[in-house]
**Q** 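Here you go, one structure.
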Protein chains: 2
Amino acid sequence: MSDVARVAGVSSATVSYVLSGKRPVTEETRRSVESAIEQLGFSLNPVARSLRTGKSTMVALVVPDIANPFYALLARSIQDELRGRGYHVLVSSTGARRDEEEALLHEVVHQRFAGVVMTPFRLATDAFDVLRSAGIPAVVSADVSFGDVDLVTPDADGAVRETLAHVAATGRRRIGVLAGPLDATGGDPRLERIREHAAGAGLRIDREHVVHGEHTREAGAEGFERLMRARTRPEAVLCGNDITAVGAMDTAERLGLDIPGDVSLVGHDDIEFASLVRPRLTTIRYPAREVGRAAAGLLLEQIDGRTRRRTVRVAAAFVARASV
Amino acid sequence: MSDVARVAGVSSATVSYVLSGKRPVTEETRRSVESAIEQLGFSLNPVARSLRTGKSTMVALVVPDIANPFYALLARSIQDELRGRGYHVLVSSTGARRDEEEALLHEVVHQRFAGVVMTPFRLATDAFDVLRSAGIPAVVSADVSFGDVDLVTPDADGAVRETLAHVAATGRRRIGVLAGPLDATGGDPRLERIREHAAGAGLRIDREHVVHGEHTREAGAEGFERLMRARTRPEAVLCGNDITAVGAMDTAERLGLDIPGDVSLVGHDDIEFASLVRPRLTTIRYPAREVGRAAAGLLLEQIDGRTRRRTVRVAAAFVARASV
DNA sequence: CTGAAAGCGCTAACAA
DNA sequence: TTGTTAGCGCTTTCAG
């Protein structure tokens, strides 16, 4: 930068101000600075800038598993929204482990990230306080609130009611749930929502028909097997996400069970392969791209100075296919 | 850090040396420094460190599309390998656009990244020269060499021969290819490999049976339709990747074509949903996790000082399922 | 074995 | 409207 200043015959402060526009500069000096920049192929060193300002252009996206297509799509969406504003997105998978979640959050404050959007899973609900006190914009994308942070969260009651009505209309009465792990922060809101609306649809959920496990294909397969080996089988199973639903299908195939003949299956998220498996999976769609747009929007608002906490709800939707 | 120095009663230089181990320190000073660090909850500021050393702990992973499960898995694999060494992985999608590829590469040298692993698509083959001269470790994961850079590349001849023999064994003779775009750097090596081994398997590829398009589901659907409307139809179609193969299946369904009854289909990569679609997709597996491991390994070697260029080949494998 | 001090490249008071 | 300068937090030479 001092090279530029020398060539342009001004001070380095002026170069800085030309670049940032933070104070008026005569047309003439601007031009000479710009031509010097051009001539030398100069560009700002973002590291030095970060050190000085305590802000970087990195935004962290912290998710349980980037190999889950829902989060992959979320990542692309957020990246698309933020790139235009000059931010770079660093994606990290936590494996839904609490220690990783904490470590990543620590890294964020430590590296003075410009912001973070996170889907926490086992984090304490006050974990975001440190971000707030460090002045780092944060938004949580989750079913459940994590304290005093911006939130993008599904508006799913309607979709769940619709789903349950649809299941009931096929004559099913006893339903099971492949829920998330018991030690997830805030429990499993998807399970709670189903519980809440089940009776209204004339459906019952026996205690032994709720099994808990990770949101993985293997855990889904295992949980579904437990359900199928229960004393009385549920007639329909609602899964924590589409991936556990695919695991359930693995088990169904192995056990020679027909879906939906012997048991109905409903997923959650509507990732691309929900419509690719056979039978095509009936599911509750939660649109990753819109979630990403909303999260990026909230983050940008915070970066631009908003301090009051906001929540945005993204509509979930019932998608009828062939597994019910 | 100066706080730590004060509390420990030493200079900040000593604190730095205790942390880095770059020069001997008496057991006693080490202990007092360490307890001061503990007491103050101090940790190094990576930004300042980067500014001073010109190196960061960020590694960029630049891929065409993070929403493609192959790259998502690659990302997770690389992240897993690198985390233990203290590196953070920044994932970026280029959309296979040349300008994005160039911009990201520029960002990498500019931000003084610790390294980059990239799957380039339309980049000039000398684009990595700037990294070499900037001393930034780089590895390319691609079918084709991009100049003087470390390379992770498939060892696929055996798998392709096997695939073609399998296709031929079902009595198919005229095969088509859903190839990548014409303006990709280095053309389409997957297409070339198929061409190379076709005759040996008694297969022929008519000129009108090679269509070019992006590696997307939509482009796959469209390309397959062109193939199916050709004067003479190919009896088997090999696809650039599993995603274009799914696109082909979309079209087959729309046109009422049976796979493999009317036409066989072969994919490439073996992403998770290749085994989920119906019919299950026969494909040429390229193992993302191993590719990631190899790439991370090469990168780490460079970071640790190796300068001679290396290539590692990762074995591809024929996976027979139900679409041939 | 340890300390003093320069300086990485930038921004933002403060002065002019 | 522009310049001077301190200093962000670290690493590393040079002295001791």
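Values below: every heavy atom of this structure, side chains too, minus hydrogens, waters and symmetry copies. All chains are named by letter (A, B, ...) in the order of the sequence lines, taking the proteins before the strands, and each is independently numbered beginning at 1.
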**Q** Side chains of A:Phe113 and A:Leu90: closer than 4.5 Å at any heavy-atom pair?
**A**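 The answer is yes; the side chains approach within 4.5 Å.
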
**Q** Mind checking which nucleotides bracket the chain B contacts on DNA chain C, 5' to 3', with an atom under 4.0 Å from a heavy atom?
**A**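 Nucleotide range with atoms under 4.0 Å of chain B: C:dC1 to C:dG9.
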
**Q** Can you give one letter per nucleotide of nucleotides 11-16 of chain D, 5' to 3': B if a protein heavy atom sits under 4.0 Å from the base, S if only from the sugar-phosphate, - if neither?
**A** BBBB--

**Q** Looking at residues at least two apart in the chain, or sitting in another chain, which of them share a side-chain contact (heavy atoms from CB on, under 4.5 Å) with B:Arg310?
**A** B:Asp150, B:Leu298, B:Glu301, B:Arg306, B:Val312

**Q** Name the nucleic acid region contacted by B:Ser50, choosing base, sugar-phosphate or nothing; use a 4.0 angstrom heavy-atom cut-off, strictly under.
**A**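 The residue B:Ser50 makes no contact with any strand.
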
**Q** Would you indicate what B:Val25 reaches in the nucleic acid, counting non-hydrogen atoms under 4.0 angstrom: base, sugar-phosphate, or nothing?
**A** sugar-phosphate

**Q** Would you check if A:His88 and B:Glu107 make a side-chain contact, meaning some heavy-atom pair closer than 4.5 Å?
**A** yes

**Q** Is there side-chain contact between B:Val149 and B:Leu131, with heavy atoms separated by less than 4.5 Å?
**A**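 Of all side-chain heavy-atom pairs linking B:Leu131 with B:Val149, none is under 4.5 Å.
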
**Q** Assess the side chains of B:Arg309 and B:Thr311: does a donor N or O sit below 3.5 Å from an acceptor N or O?
**A**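 A pair is found: one side chain offers a donor N or O, the other an acceptor, under 3.5 Å apart.
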
**Q** Indicate yes or no: does B:Arg6 engage B:Asp3 in a salt bridge with an N to O separation below 4.0 Å.
**A**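 Result for this pair is yes, salt bridge flagged.
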
**Q** Write out all pairs satisfying side chain to side chain donor-acceptor pair (under 3.5 Å) with one or both partners inside residues 46-73 of chain B, taking only residues at least two apart or from two chains.
**A**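 Of all non-adjacent pairs touching residues 46-73 of chain B, those that pass side chain to side chain donor-acceptor pair (under 3.5 Å) are A:Arg76-B:Asp65.
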
**Q** Taking distance alone, no hydrogens or angles, what donor-acceptor pairs closer than 3.5 Å link side-chain atoms of residues 36-46 of chain A to residues at least two apart or in another chain?
**A**
from, atom 1, to, atom 2, distance (Å)
A:Ser43, OG, B:His110, NE2, 2.7
A:Asn45, OD1, A:Val47, N, 2.7
A:Asn45, OD1, A:Ala48, N, 3.1

**Q** Taking the side chain as every heavy atom from C-beta outward, state whether B:Leu151 and B:Phe146 have any atom pair closer than 4.5 Å.
**A**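 The answer is no, as the side chains (C-beta and beyond) never meet within the 4.5 Å cut-off.
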
**Q** With the side chain counted from C-beta on, respond yes when B:Phe121 and B:His215 share a heavy-atom pair under 4.5 Å apart, and no when they do not.
**A**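 When only atoms from C-beta onward are counted, B:His215 and B:Phe121 do touch, with a gap below 4.5 Å.
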
**Q** Please report the distance, rounded to the nearest Å, between CG in A:Leu51 and C1' in D:dC10.
**A**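 Distance check: A:Leu51 CG to D:dC10 C1' gives 8 Å.
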
**Q** For the helix from C:dC1-D:dG16 to C:dA16-D:dT1, what angle separates the axis at the start from the axis at the finish, each from five pairs, in steps of 10°?
**A** 40°

